[in-house]
Q: 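Starting off with a structure, shown below.
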Amino acid sequence: MTMPENTLLPTAKATALTPAQLRLLRGVSRSFYLSIRLLPGPLRGPIAIGYLLARATDTVADTTALPRAERQTLLAQLLAAIEKPQTATQELKAALTRFAAQQSDPHERALMLALPEGLSLLQTLSPADQTSVRWVLGHITQGQTLDVSRFGSGPQALATEAELEDYTWLVAGCVGEFWTALCARHLPGFAALPTDEMHALGRAYGMGLQRLNIVRDAGADLAQGRCYWPAQQLNALGLSPESLSQAVLEGQAHTLAQLTPLYQSYLQQIQTQLAAGLRYSCAVQSRRLRLASALPALIGARTVALLLQAGPASLTQRVKMPRREVQGLLWRLLLRGVSVQALTREFERLSAPPHPSSR
């Protein structure tokens with residue numbers, strides 16, 4: 001099944017990115033690619049460029065095979081080049097080529113090789129949009145740099161819930177605010193709610209999506225020595241980053257079950273934050289922008305339901321909403337005109353416990 005090409009789904013011609021760059025975007029994030037395709041024209045350029053640059057810095061931060069000092073240096077070089085793309089040096093381009101050669105994923109390798117072109121694209125945006133992109137990338141890169149400095153050899157955890165809250169704002173909550181600022185600039189009156197309230201809802205939405213990523217990817221992160229479950233909460237459950245990592249490695253169901261209270265609490269919090277995202281989306285006037293805004297919340301609601309069904313054993317599995325379900329969801333919403341009622345009904349349906357055979 002392919003996506004319908006109708007008035008809700010513009011072609012690549014209306015965006016600042018070339019077809020090749022859109023294919024690159026699709027390669028590194030199929031779900032976000034869908035959201036980009038749904039955005040009104042004035043928003044597509046700054047959001048797509050911001051995402052590609054953030055995805056590149058995230059790849060640097062996550063490449064644990066590279067020594068910490070080298071990743072910190074490359075992140076600093078990238079941030080300097082984002083601030084002043086015209087100062088990007090041949091040294092940086094050579095470093096990106098060397099770094100790309102170390103990537104096993106062909107899409108991430110292509111992204112790093114195309115990064116100099118992405119930096120040039122940033123300069124094609126309006127001055128106000130460039131400022132917004134640099135603002136959000138500054139915060140995201142700060143969060144990524146904290147990751148690199150916190151996690152070294154062996155399993156290590158964040159210390160407190162406050163650290164986790166700060167991290168989820170830096171790498172995602174600020175994105176909700178960035179998105180809202182762009183909408184307010186390019187689409188005056190884009191929402192039925194006041195802009196300040198949309199900022200607050202967008203912040204909560206982004207933080208919820210990042211917390212969802214943390215729960216969904218917890219097993220893979222532990223394998224890389226990263227534990228986002230705060231040590232303070234783990235200690236209260238008789239767990240540690242080391243014991244949790246060992247439980248994932250050896251499939252120790254009893255030890256994983258000890259995580260259940262924190263696991264369920266986080267998923268409940270995520271569901272509340274996704275509901276804030278749905279409220280954000282339902283307040284949006286444009287059907288195209290409403291769908292683009294709502295899609296992550298709807299996919300997230302289904303993912304939360306699947307994670308609740310799996311329990312902490314999800315740390316040893318890969319849990320995600322099947323692509324065919326995403327395609328069916330899009331068709332249903334398009335057929336119903338992306339109405340507020342349709343979005344609300346789908347959110348409730350996707351949040352319900354899945355049938356055992358649907359996993």
Q: Roughly how far, to the nearest 0.5 Å, is the CD atom of Gln144 from the OG1 atom of Thr59?
A: 8.5 Å
Q: Does any part of the side chain of Val319, heavy atoms only, come nearer than 4.5 Å to the side chain of Gln309, both counted from C-beta?
A: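 Answer no - side chains too far apart.
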Q: So do Leu96 and Leu74 actually touch side chain to side chain, heavy atoms under 4.5 Å?
A: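 Contact flag for Leu74/Leu96 side chains = yes.
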Q: Which heavy atom in Tyr280 sits nearest to a heavy atom in Met198, and how many Å separate them?
A: CE1-O, 3.2 Å
Q: Show every salt bridge (Lys or Arg N to Asp or Glu O under 4.0 Å) that has at least one partner inside residues 330-343, sequence neighbours left out.
A: Arg332-Glu346, Arg336-Glu346
Q: Is it the case that one hydrophobic cluster holds both Leu298 and Leu334, taking links as side-chain heavy atoms less than 4.5 Å apart, direct or via other members?
A: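 Cluster IDs for Leu298 and Leu334 match.
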Q: Let's go through Lys320 and Arg302 carefully: what are the C-alpha distance in whole Å and the side-chain angles of both, what is the deciding distance for side chain to side chain contact (heavy atoms under 4.5 Å, CB included) to 0.1 Å, and is it a yes or a no?
A: CA-CA 8 Å; Lys320 63 185 297 185; Arg302 171 63 168 161; over 6 Å; no
Q: Could you give the distance from CG (Leu307) to CZ (Arg216), rounded to the nearest 0.5 Å?
A: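 Output value for this atom pair is 8.5 Å.
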Q: Keeping Asp166 on the side-chain end and Ala162 on the backbone end, is there a donor-acceptor pair under 3.5 Å?
A: no
Q: Has Thr141 got a side-chain atom pairing as donor or acceptor with Gly138's backbone, closer than 3.5 angstrom?
A: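 Absent.
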Q: Applying side chain to side chain donor-acceptor pair (under 3.5 Å), name anything that partners Ser351, two or more places apart in sequence or on another chain.
A: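 Result, side chain to side chain donor-acceptor pair (under 3.5 Å) vs Ser351: Gln271.
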Q: I'd like to know whether Tyr228 forms a ring-ring contact (aromatic ring centres under 6.0 Å, His included) with Tyr266, so could you lay out the CA-CA distance, the side-chain angles of the two residues, the decisive distance to 0.1 Å, and finally the verdict.
A: CA-CA 12 Å; Tyr228 293 97; Tyr266 275 16; over 10 Å; no
Q: Hey, any chance Leu193 and Val340 share a hydrophobic cluster, counting ILVMFWY side chains that come within less than 4.5 Å of each other, even indirectly?
A: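 Per the 4.5 Å side-chain linkage, Leu193 and Val340 are not co-clustered.
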Q: Can you pull out every ring-ring contact (aromatic ring centres under 6.0 Å, His included) where at least one residue sits in residues 203-225? Sequence neighbours excluded, please.
A: none
Q: Considering only residues two or more places apart or on different chains, which pairs with a residue in residues 140-152 satisfy salt bridge (Lys or Arg N to Asp or Glu O under 4.0 Å)?
A: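 Checked against salt bridge (Lys or Arg N to Asp or Glu O under 4.0 Å) - neighbours excluded - the pairs reaching residues 140-152 are Arg150-Glu163.
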Q: I'd like to know if the side chain of Thr124 and the backbone of Ser120 have a donor-acceptor N/O pair within less than 3.5 Å.
A: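 It does not hold such a pair.
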Q: Compare all side-chain heavy atoms of Leu164 with those of Ile214 and state whether any distance is below 4.5 angstrom.
A: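 In short, these two side chains touch, coming nearer than 4.5 Å.
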Q: Salt-bridge test for Asp62 and Arg71: reply yes if a basic N is under 4.0 Å from a carboxylate O, no otherwise.
A: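 Salt bridge: no.
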Q: Run the side chain to side chain donor-acceptor pair (under 3.5 Å) test against Gln264 and tell me which residues pass, sequence neighbours left out.
A: none
Q: Could you check whether Glu161 pairs with Arg211 (Lys NZ or Arg NE/NH1/NH2 to Asp/Glu carboxylate O, under 4.0 Å)?
A: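 So Glu161 pairs with Arg211 through a salt bridge.
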Q: Under the criterion side chain to side chain donor-acceptor pair (under 3.5 Å), I'd like the reasoning laid out for Ser339 against Arg290: C-alpha separation, chi angles, the key distance, then a yes or no.
A: CA-CA 9 Å; Ser339 67; Arg290 187 185 302 154; over 6 Å; no
Q: Looking at Ala305 and Leu350, what are the two nearest heavy atoms and their distance?
A: CB-O, 3.6 Å
Q: Between Ala313 and Leu256, which heavy-atom pair has the shortest distance, and what is it?
A: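 What the structure gives for the nearest pair is CA-CD1, 4.5 Å.
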Q: How far does CD of Gln142 sit from CG of Leu137, to the nearest 0.5 angstrom?
A: 13.0 Å
Q: Are Leu79 and Leu75 joined in one hydrophobic group, where the rule is that I, L, V, M, F, W and Y side chains link up if heavy atoms are under 4.5 Å apart?
A: no
Q: So, the side chain of Thr73 versus the backbone of Ala69: is there a donor-acceptor pair under 3.5 Å, distance only?
A: yes
Q: Hydrophobic clustering (ILVMFWY, side-chain heavy atoms < 4.5 Å, transitive) - are Leu119 and Leu113 grouped together?
A: no
Q: Would Gln130 and Arg134 count as a side chain to side chain donor-acceptor pair (under 3.5 Å) here? Give the steps.
A: CA-CA 6 Å; Gln130 288 187 48; Arg134 291 189 176 103; 3.1 Å; yes
Q: Begin with the C-alpha distance, continue with both residues' side-chain angles, and end with the deciding distance and a verdict on side chain to side chain contact (heavy atoms under 4.5 Å, CB included) for Leu115 and Leu53.
A: CA-CA 7 Å; Leu115 195 53; Leu53 292 174; 3.4 Å; yes
Q: Decide yes or no for Trp229 and Val215: does some side-chain heavy atom of the first lie under 4.5 Å from some side-chain heavy atom of the second?
A: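 When only atoms from C-beta onward are counted, Val215 and Trp229 do touch, with a gap below 4.5 Å.
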Q: Return the minimal non-hydrogen interatomic distance between Ala218 and Leu315, and the atom names on each side.
A: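 Distance-wise, the nearest heavy atoms are CB-CG, 3.9 Å.
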Q: Okay, side chain of Gln258, backbone of Leu237: is any donor-acceptor separation there less than 3.5 Å?
A: yes
Q: Hey, do the aromatic rings of Phe178 and Tyr51 have their centres closer than 6.0 Å?
A: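 No; Tyr51 has its ring centre 6.0 Å or more from that of Phe178.
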Q: Do the side chain of Arg226 and the main chain of Asp221 share a donor and acceptor less than 3.5 angstrom apart?
A: no
Q: How far apart are the closest heavy atoms of Leu234 and Cys227, and which atoms are they?
A: CD1-SG, 3.8 Å
Q: Got Pro40 and Phe190 here, is their nearest side-chain heavy-atom distance under 4.5 Å?
A: no
Q: Nearest 0.5 Å please: distance from the OG atom of Ser245 over to the CG atom of Leu239.
A: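 Rounded to the nearest 0.5 Å, the OG-CG separation comes to 12.0 Å.
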Q: With distance as the sole test, does Ser281 use its side chain to make a donor-acceptor pair with the main-chain N or O of Ala294 at under 3.5 Å?
A: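 Indeed, once roles are kept as given, a pair shorter than 3.5 Å links the two residues.
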Q: With distance as the sole criterion, is a donor-acceptor pair present between the side chains of Gln232 and Thr160 under 3.5 Å?
A: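 No donor-acceptor contact under 3.5 Å links the two side chains.
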Q: Who passes salt bridge (Lys or Arg N to Asp or Glu O under 4.0 Å) against Asp217, sequence neighbours left out?
A: Arg318
Q: Determine the minimum heavy-atom distance between Ala100 and Met112, stating which atoms define it.
A: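 So the two residues come closest at CB-CB, 3.8 Å.
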Q: Hey, could you give me the OG1/CD1 distance between Thr168 and Ile270, rounded to the nearest 0.5 Å?
A: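 Output value for this atom pair is 10.0 Å.
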Q: Identify the residue among Glu197, Glu177, Glu165 that makes a salt bridge (charged side-chain N to carboxylate O under 4.0 Å, His left out) with Arg203.
A: Glu177
Q: Between OG1 of Thr303 and CG of Leu267, what distance do you get to the nearest 0.5 Å?
A: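 With rounding to 0.5 Å, OG1 (Thr303) is 10.5 Å from CG (Leu267).
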Q: Could you go step by step and tell me if Leu187 and Ser286 meet the side chain to side chain contact (heavy atoms under 4.5 Å, CB included) rule?
A: CA-CA 9 Å; Leu187 305 169; Ser286 159; 5.6 Å; no
Q: Step by step, would you call Ile140 with Asp58 a side chain to side chain contact (heavy atoms under 4.5 Å, CB included)?
A: CA-CA 9 Å; Ile140 290 172; Asp58 187 60; over 6 Å; no
